[in-house]
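Notes follow the structure.
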Number of protein chains: 2
Amino acid sequence: MHEGGKLYTSSHELAEWLGISSAQIRKDLSHFGEFGKQGTGYSVASLYEELRQILHLDREWQLIVVGSGNIGSAVASYSGFAQRGFRVVAFFDNDPNKVGAKVGSFIVQDNSEIASYVSENHVQHAMIAVPAQYAQQVADLLVDSGIRGILNYAPINLSVPDYVHVEYIDPVLHLQKMTYYLE
Amino acid sequence: MHEGGKLYTSSHELAEWLGISSAQIRKDLSHFGEFGKQGTGYSVASLYEELRQILHLDREWQLIVVGSGNIGSAVASYSGFAQRGFRVVAFFDNDPNKVGAKVGSFIVQDNSEIASYVSENHVQHAMIAVPAQYAQQVADLLVDSGIRGILNYAPINLSVPDYVHVEYIDPVLHLQKMTYYLE
DNA sequence: CAGTGTGAAAGTCTTCACAGCT
DNA sequence: AGCTGTGAAGACTTTCACACTG
């Protein structure tokens, strides 16, 4: 809506867009403040800005990538992260044949450098793009290094402490989530 | 656990693994049947099989891919789908320069062929790997063709009827889900 | 005695419906 | 008239705690 230049919207319009109820929209927003005007609805521009602040998307976040295979190196040449507030700042791998090589404009560093890099640069997010068998040990290393958010491409469940958040990207898993409802 | 050759597990062990309560595990399973033995727990092999049946993962599903750019063609050379029960059966694109070209062992067909292909082959799942600006119209076409599950790689929200299920893969969106909890 | 399956209780989330503002 | 923000009601989910079983 914001990109389309729309000026005002309502809880009803947002609800239809998202497939939930208008009461849900209003109740959810009410937990963070009063953003609407009776009779008018919500200013798209200011609601957009409020939501960016609420979700902490009003700043740039740094991101390291562990694993310099297919997925990892695809990230290096994809501008979508930087455009949307996530700056890729370093690549790591534990394979001696890959350490020292270039991935995009980055030189791959050894996994043993992760802890010092993360603490010196206050990085909070990491992407795991290593084979499934190494993913848990990389996760442990990241947690010990101080990483608080992990985007995991390995098709395996990670065990991490409560205060660390993990998001999973596994195309097959996503397909599997839908089959229950079919046939 | 199954791959590791484990014979028995308990609601407590599963709960710790998944980070939820043991009562939740037992209650959830109880909605589908009685799979455990008092004093012993659950047989890993038979629980695995029961879950595959409950989730409809005890069969092979077919999958078409719309969009033959970077993401689409990566799928063609990735064996993980077939290994885990999802067979990629056709590629489509609306770009005349791509229609007729080969992607892996597939010949890219025109989007106008989707409806007949889907109904003739009873395909239920599709992957959308087209630029964001075309994603909604592709989704509409897929829904009209009879597709019931969509895996969407375009960084945009899709509007579809209730009976169609959509899963989103957008790395930045997944990162954005975590920032609220940080800083 | 370890561990399930399950009613009942507690807790959480969603919807209703309306006073009140623009 | 149109739409928000919100208590209260209703619906749903999770946890408790225990009778019962192998």
Side-chain angles (χ1 to χ4, degrees), chain A residues 1-2 4-55 157 159-168 176-178 180-181, chain B residues 1-2 4-55 157 159-168 176-178 180-181:
Chain A
M1 287 177 180
H2 192 229
K6 203 168 194 303
L7 293 182
Y8 284 92
T9 187
S10 65
S11 60
H12 295 272
E13 194 177 31
L14 290 166
E16 195 185 2
W17 195 292
L18 297 176
I20 58 180
S21 74
S22 62
Q24 187 73 75
I25 297 277
R26 295 198 301 280
K27 183 68 89 181
D28 283 3
L29 291 174
S30 76
H31 288 102
F32 297 99
E34 306 194 358
F35 307 122
K37 275 208 198 86
Q38 286 101 326
T40 316
Y42 303 91
S43 150
V44 171
S46 56
L47 185 58
Y48 176 78
E49 206 42 57
E50 292 285 357
L51 288 172
R52 281 169 53 85
Q53 283 172 33
I54 291 166
L55 299 171
N157 186 66
S159 290
V160 299
D162 281 353
Y163 60 86
V164 176
H165 298 267
V166 183
E167 287 283 326
Y168 294 87
Q176 288 176 334
K177 284 183 182 177
M178 301 191 283
Y180 171 72
Y181 302 99
Chain B
M1 287 177 179
H2 191 229
K6 203 168 194 304
L7 293 182
Y8 284 92
T9 186
S10 65
S11 59
H12 295 273
E13 194 177 31
L14 290 166
E16 195 185 2
W17 194 292
L18 297 176
I20 57 179
S21 73
S22 62
Q24 188 73 75
I25 297 277
R26 295 198 300 280
K27 182 68 88 181
D28 284 2
L29 291 175
S30 77
H31 288 103
F32 296 99
E34 306 194 356
F35 307 122
K37 276 207 197 86
Q38 284 100 328
T40 317
Y42 303 91
S43 151
V44 170
S46 55
L47 185 58
Y48 177 78
E49 207 41 58
E50 293 285 357
L51 288 172
R52 280 170 54 86
Q53 283 173 31
I54 291 166
L55 299 172
N157 186 66
S159 291
V160 299
D162 282 354
Y163 60 86
V164 177
H165 298 267
V166 183
E167 288 283 326
Y168 296 87
Q176 288 176 335
K177 285 184 182 176
M178 302 191 282
Y180 171 71
Y181 303 99

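Predicted model only: the values in this text are computed from it and were never measured. Letters A, B, ... are given to chains in the order of the sequence lines, protein chains preceding strands, and every chain is numbered from 1.
Across the protein-nucleic acid pair, B:Glu50 atom CD and C:dG5 atom P stand 11 Å apart, rounded to whole Å. Across the protein-nucleic acid pair, B:Asp28 atom CG and C:dT6 atom P stand 13 Å apart, rounded to whole Å. Remark: P of D:dC16 and NE2 of B:His12 are 12 Å apart, rounded to the nearest angstrom. Per the geometry, CD belonging to A:Glu13 stands 15 Å off C1' belonging to D:dT4, to the nearest Å. At whole-Å resolution of the value, NZ in B:Lys37 and P in C:dG5 are 11 Å apart. B:Glu34 places its CD atom 12 Å from the P atom of C:dT4, with the value rounded to the nearest Å. For the pair A:Leu47 CG and D:dT4 C1', the computed distance is 13 Å after rounding to whole Å. In this structure, the CD1 atom of B:Ile20 is 14 Å from the P atom of D:dC16, given to the nearest Å.
Nucleotides of DNA chain C nearest to A:His31 and A:Gly39 differ in position, and the one nearer the 5' end is that of A:His31.
Note: B:Tyr180 and A:Phe32 have perpendicular aromatic rings, judged against thresholds of 30 and 60 degrees for the angle between ring planes.
Picking from D:dA8, C:dT4, D:dG5 the nucleotide with the shortest atom distance to the side chain of A:Lys27 gives D:dA8. When distances run from any side-chain atom of B:Arg26 to the nucleotides C:dG3, C:dG5, D:dT4, the shortest one goes to C:dG5. Side-chain atoms of A:Ala23 lie closest to C:dT15 of the nucleotides D:dC3, C:dT4, C:dT15. Side chain of B:Ser30, nearest nucleotide from C:dG3, C:dT6, D:dC3: C:dT6. Among the nucleotides D:dG5, C:dG20, C:dT15, the one closest to any side-chain atom of A:Tyr42 is D:dG5.
Here A:Ser11 lies in heavy-atom contact (under 4.0 Å) with sugar-phosphate atoms only.
Using a 4.0 Å cut-off, some side-chain N or O of A:Gln24 falls inside it from OP1 or OP2 of C:dT15. OP1 or OP2 of D:dC3 has not a single side-chain nitrogen or oxygen of A:Thr40 nearer than 4.0 Å.
B:Gln53 CD: more than 12 foreign heavy atoms inside a 6.0 Å radius.
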Quiz prompt | Derivation of the side chain to side chain contact (heavy atoms under 4.5 Å, CB included) call for A:Asn157 and A:Tyr168 | solution = CA-CA 8 Å; A:Asn157 186 66; A:Tyr168 294 87; 3.5 Å; yes
Trace of the salt bridge (charged side-chain N to carboxylate O under 4.0 Å, His left out) decision for B:Glu34 with B:Arg26: CA-CA 9 Å; B:Glu34 306 194 356; B:Arg26 295 198 300 280; over 6 Å; no
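What you find for A:Ala15 and A:Ser21 is that their closest heavy atoms are CB-C, 3.5 Å.
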